[in-house]
Amino acid sequence: MAQESINGYTRHWWKEAVVYQIYPRSFQDSNGDGIGDLPGITSRLDYLKNLGVDVLWLSPHYDSPNADNGYDIRDYRKVMREFGTMQDFDDLLAGVKGRGMRMIVDLVANHTSDEHAWFVESRKSKDNPYRDYYLWRPGKPQPDGQLLPPNNFGSAFSGPAWTLDASTGEYYLHLFAEKQPDLNWDNPKVRDEVYDLMRFWLDKGVDGFRMDVIPFISKDAAFPDVLPHESQVHINANGPHLHEYLREMNDRVLSHYDCTTVGEAHGITIEDTPQLVDERRHELNMIFNFDTVRLNRDGRNWRRWSLPELKAIYTRQDVALGKHSWNTIFLANHDNPRLVSAFGDDSPEYREKSAKLLVTMLLTLKGTPYLYQGDELGMTNYPFRSIEEYDDIEAKNAWAHDVLTGYESAEHYLENLAKVSRDHARTPMQWDASANAGFTSGSKPWLAVNPNYTGINAAQVVADPYSVYQFTRNLLALRKATLALVYGDFEDMAPEHPSLFLYERTLGDERYLIALNFSRDTVALPEPVANGRVVLSNTEGKFGELRGWEARIVLA
Ligand code: TEU
Ligand code: CA
């Protein structure tokens, strides 16, 4: 059957969908143990349906010892005890489908937990049948008798990426925590296992996968050192067999289902993105490039970013992709600070306006938008002060590794962490003004609720016709009704402007102009925007100008 095409793009449900990410641990607790769970999510499906999102992405819900909140899987075919049972999962999926929505799950297959049965076996002996499921290498003996790791790779969570295992005297690779050993994808048995477990979830009816650090799956088996001028992330993301394995996965699994895939792709440049997502290559549907969410970083420190830099990324993405590729639009997730705190203005005066502006941008750029839970409330960063308040293994390891050793001052470290911590996104969802924001009926949520929950919560925004939630809802409806906002051509009309993001989306003779003021100061509007018919705006606008953080969509 011929595929319908619009403006040169093949039409697909996953291009027209808006995805909403759920971090199950922090969404809704149903049994008072302080940990969000699957029945909790099921109980909130009407809220999500009412908002108007099409697809839910569930962060890992699998059995895990939670060294990294479920990104360390112990059993891919079991539900995390704290989250419920397989029946709870089936009920959730049925509830999603029953409301005409879809659900994708997280596939974390670059690594497992060290408590996964494969690794438990693998570490036992060099001739164990599971030995080659992981990446074991001998250390490098030094003249002074010292043993060094096989190469100089560092772990994303501090320290070397290799740990010496006493039982066999060899090192295993872990690009993340020690409890997250990397799988050896060069072993065909490993790939068979992964394809099998993918089929297990697809056969249950899930609509696809968000694939954790998927470009890291193929390693140069010789493990050369990273040279001073090289980037380890770039090396890890561009291994020799990456495309071969993705095509095999597509051929053997994905192509047999009506599903979608989105790869988390740290280390893949925008220019290289088509190599993963061009539809003629049969690999993935879309990826998350890190350019936008790393704009506010200098290493792990906070960096002031500028609007022209952000705009340039979207233009680069549009130019690099062409009509055979597709991509994501996102600025927040469970690894990043809150949308409005990182990219907007979370002061009391501008929080709601700037949150609406950001959602306007996310829902009108070209690509599939991904919203993170709480974005629709304009949830903000948590006022973290001391290291004890954090939970994240990344933050705790770096503290031990760099601050306790005197390499970095506690003050400098905490000042930056308070801006970039992954825990900002992980504080519980704020449902109402009751104790613990209605997240849990228990006395203690696993991570503290943001004290601003009495003023910022779902009950309040659902009732308020001018809230971020209602605005997001209107935008979602507009997008659903407007193919120009999905497939229309994109052009930045003022790339150099320091505070105005002004772009058009055109499809045939339909021309939408989107004007976003990323500052507190009023900016003048060019004529076609000023004269167009206002379709949606976050302020009672004035002719010819945009006030602080004003967003306006017009039909020219
Ligand atoms: O993230 C991988 C990744 O590339 C990161 O951005 C990483 O989170 C970074 O070190 C944070 O500053 C994925 C998951 O999204 C993340 O939650 C996991 O911790 C990680 O993989 C390991 O599974
Ligand atoms: Ca619970």
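All ligand and atom numbering here is 1-based and tracks the order in the structure. Not measured: the values here are computed from a predicted model. Starting from 1, each residue takes its place in the sequence as its number.
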Centroid-centroid under 6.0 Å between F176 and Y71 rings: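 So the answer is no for these two rings.
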Check each heavy atom of [X] against ligand 1 and say whether those closer than 4.0 Å belong to the side chain, the backbone, both or neither.
X: R297; answer: neither
X: R300; answer: neither
X: H174; answer: neither

Carboxylate-amine/guanidinium contact D318 K366, below 4.0 Å: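 So D318 pairs with K366 through a salt bridge.
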N, O or S atom of I35 closer to the Ca ion (ligand 2) than 3.0 Å: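 A backbone or side-chain N, O or S atom of I35 is under 3.0 Å from the Ca ion (ligand 2).
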For [X], the ligand 1 atoms whose distance to one of its heavy atoms is below 4.0 Å:
X: F290; value: 4 (O), 6 (O)
X: H111; value: 22 (C), 23 (O)
X: H266; value: 4 (O)
X: H334; value: 14 (C), 15 (O), 16 (C), 17 (O)
X: D68; value: 18 (C), 19 (O), 20 (C), 22 (C), 23 (O)

From CA spacing to verdict: ring-ring contact (aromatic ring centres under 6.0 Å, His included), H116, Y76: CA-CA 9 Å; H116 193 291; Y76 289 96; 5.6 Å; yes
R44 charged N/C atom sitting above W431 aromatic ring, 6.0 Å / 45°: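 Judged by the rule, R44 and W431 form a cation-pi pair.
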Ring-face cation contact, W446 with R25, 6.0 Å cut, 45° max: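 Output yes; distance and angle both within limits.
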Protein contact of atom 1 (O) of ligand 1 - nearest heavy atom, named by residue and atom, plus distance: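 Here the closest protein heavy atom is E264 OE2, 2.9 Å.
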